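Just so it is clear, the model here is predicted, and its values are computed rather than measured.
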Amino acid sequence: MTVSDWGDWLPTAVADADPETVAIWYLGCNGFVIKGSEGTTIWIDPYVGLGDPPRTIRMIPVPFDPEDVPESAADAVLATHEHTDHTHGPSQGPILERTGADFYAPDDSLAVAFDDENWLDSYDISESQFTEVAEGDTIAIGEFSIDVVETQDADSTHPVGYMIQHESGTIFHAGDSKPADNFADLGEEYDIDLGILAFGAIGNIPDKETREPVRTKWYATENETIKSASDLQLDRLLPSHWDMWKGMTADPTVLHHHAASYAYPQTLEIVEIGDRVEL
């Protein structure tokens with residue numbers, strides 16, 4: 001059972017919220033909760049694990065216990081790819097069990113859930129709650145229409161991004177994507193009000209086996225992040241993931257300087273874990 005540093009205030013705040021448009025809470029790492037004006041609530045990549053010290057060491061609080069998510073506070077959980085900080089049974093299984101929410105993910109994430117972690121045996125959930133998605137799919141979840149789009153992350157075996165559309169605007173969650181060849185086309189096709197892009201540092205991370213430091217790049221650099229934001233023509237850029245792992249943390253305020261000469265993003269939205277923003 002996960003022990004939260006913050007008690008149950010965050011999932012309770014989500015359940016109690018009554019946004020006029022769409023509210024977005026940042027869960028740290030690359031996790032978000034999105035709630036629409038009609039109450040539809042979607043969790044994307046929620047992760048409350050501690051990592052695998054000394055290789056991956058969590059640097060931020062555990063903001064909620066999945067056991068504390070009220071039944072009314074989750075209609076769906078979306079995973080962008082198969083990495084443990086995006087597809088994680090102890091973080092997501094209890095949400096599915098308590099709320100009956102549906103789980104949407106690409107094939108390799110479902111392989112983690114079914115084969116590697118045996119979620120069906122570990123939690124009181126059914127296979128009918130799981131839906132495989134792929135690029136080009138459109139899924140309807142309450143008041144949201146979500147297009148599944150191609151992204152580019154060489155560290156992942158099958159990543160996808162989610163173009164989340166609401167009458168109030170459009171949110172793009174790109175997972176851990178670096179700049180992708182199709183982002184310029186997406187920028188022309190969609191009017192993206194808020195884009196979530198993983199941003200981080202290049203650091204020395206212990207090797208899984210030898211524990212010797214290895215120069216490691218997991219997320220997009222400053223220039224790569226702004227290239228993606230420019231290609232996507234983002235109104236607002238919300239950088240994520242920069243806070244999570246020891247040796248890979250970064251300062252998102254530097255993106256102001258890198259973005260200064262570009263037409264997009266128009267605004268840089270800096271949030272910390274637990275913060276709420278609105279469309």
Side-chain angles (χ1 to χ4, degrees), residues 1-2 4 11 14 27-34 40-52 55-56 58 62-71 73-142 144 146-151 153-162 164 173-177 196 198 208 218 240-241 244-245:
M1 181 175 179
T2 299
S4 170
V14 172
L27 305 177
C29 196
N30 215 348
F32 290 84
V33 187
I34 297 174
T40 304
T41 307
I42 299 171
W43 297 66
I44 306 178
D45 287 352
Y47 176 70
V48 294
L50 302 181
D52 180 25
R55 185 166 187 264
T56 50
R58 186 182 183 103
V62 176
F64 72 97
D65 182 336
E67 297 281 357
D68 290 333
V69 176
E71 183 177 351
D75 293 289
V77 177
L78 279 57
T80 59
H81 61 289
E82 78 289 347
H83 290 165
T84 191
D85 52 341
H86 301 262
T87 303
H88 185 242
S91 298
Q92 297 158 12
I95 299 176
L96 303 180
E97 181 179 79
R98 285 180 55 80
T99 67
D102 294 315
F103 184 77
Y104 297 87
D107 51 1
D108 289 347
S109 293
L110 293 184
V112 170
F114 293 146
D115 302 330
D116 298 344
E117 297 185 351
N118 298 310
W119 292 13
L120 295 180
D121 294 332
S122 301
Y123 309 99
D124 185 15
I125 54 180
S126 70
E127 192 169 352
S128 65
Q129 289 174 255
F130 292 79
T131 298
E132 180 180 324
V133 299
E135 300 86 340
D137 290 349
T138 297
I139 52 181
I141 303 173
F144 295 98
I146 303 173
D147 291 345
V148 184
V149 302
E150 179 183 355
T151 60
D153 179 12
D155 296 320
S156 170
T157 55
H158 188 184
V160 299
Y162 295 106
I164 303 162
H173 191 302
D176 286 357
S177 185
I196 297 166
K208 285 184 178 180
W218 283 332
S240 63
H241 231 323
M244 187 61 181
W245 302 122

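What you find for D107 and H158 is that their closest heavy atoms are OD1-ND1, 2.6 Å. In terms of heavy atoms, A73 sits closest to P11 at CB-O, 4.5 Å. In this structure, P106 and A79 approach most closely via the heavy-atom pair CD-O, 3.4 Å. Here the closest heavy-atom approach between residue A74 and residue V69 is recorded as CB-CG1, 4.4 Å. Taking all atoms of both residues into account, the shortest heavy-atom contact from A101 to L96 is O-CD2, 3.6 Å. Taking each heavy atom of T87 and Q92 in turn, the nearest pair found is CA-OE1, 3.7 Å.
The shortest side-chain heavy-atom distance between T84 and V112 does not fall under the 4.5 Å cut-off. Taking the side chain as every heavy atom from C-beta outward, V160 and E135 approach each other to under 4.5 Å. In this structure, the side chains of D176 and N30 come closer than 4.5 Å at one or more pairs of heavy atoms. Put simply, the side chain of Y123 does not reach to within 4.5 Å of the side chain of E117, judged on heavy atoms. Counting only heavy atoms from C-beta outward, the side chains of F64 and I95 approach each other to under 4.5 Å. Between L27 and Y47, the closest side-chain pair of non-hydrogen atoms is not below 4.5 Å. Side-chain contact between T80 and D153 is absent, with no heavy atoms from C-beta onward closer than 4.5 Å. Using a 4.5 Å cut-off on side-chain heavy atoms (C-beta onward), L120 and F130 make contact.
In this structure, R98 contributes its side chain and E67 its backbone to a donor-acceptor pair below 3.5 Å. Between the side chain of S4 and the backbone N or O of V62 there is at least one donor-acceptor pair closer than 3.5 Å. Judged purely by atom type and a 3.5 angstrom limit, E132 has no side-chain atom pairing as donor or acceptor with the backbone of L110.
Relative ring orientation between H81 and H86 is described as tilted, the plane-to-plane angle lying within the 30° to 60° band.
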### Query
Step by step, would you call D85 with H241 a side-chain contact (heavy atoms from CB on, under 4.5 Å)?
CA-CA 10 Å; D85 52 341; H241 231 323; 3.2 Å; yes
### Message
Evaluate T41 against V33 for side-chain contact (heavy atoms from CB on, under 4.5 Å), listing each step before the verdict.
### Response
CA-CA 7 Å; T41 307; V33 187; 3.6 Å; yes
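No side-chain N or O of H83 forms a donor-acceptor pair with one of D155 less than 3.5 Å apart. Checked by atom type, the side-chain pair D75/T40 shows no donor-acceptor distance below 3.5 Å. Counting only N and O atoms by type, the side chains of D147 and T138 include a donor and acceptor under 3.5 Å apart.
A side-chain contact (heavy atoms from CB on, under 4.5 Å) with H173 holds for exactly one of T151, I42, D45, L78; it is D45.
Under the 6.0 Å cut-off for aromatic ring centres, Y104 and Y162 do not qualify, their centroids lying 6.0 Å or more apart.
With sequence neighbours left out, the side-chain hydrogen bond (donor to acceptor under 3.5 Å, both in side chains) criterion links H88 to S91.
Interatomic distance, CD1 of I164 versus CD1 of I139, reported as 8.5 Å (0.5 Å rounding). Atom CD1 of residue I146 and atom CD1 of residue I44 lie 6.5 Å apart, to the nearest 0.5 angstrom. Atom CG of D116 sits about 10.5 Å away from atom OG of S109, to the nearest 0.5 Å. Note that CZ of F114 is 9.0 Å distant from CH2 of W119, once rounded to the nearest 0.5 Å.
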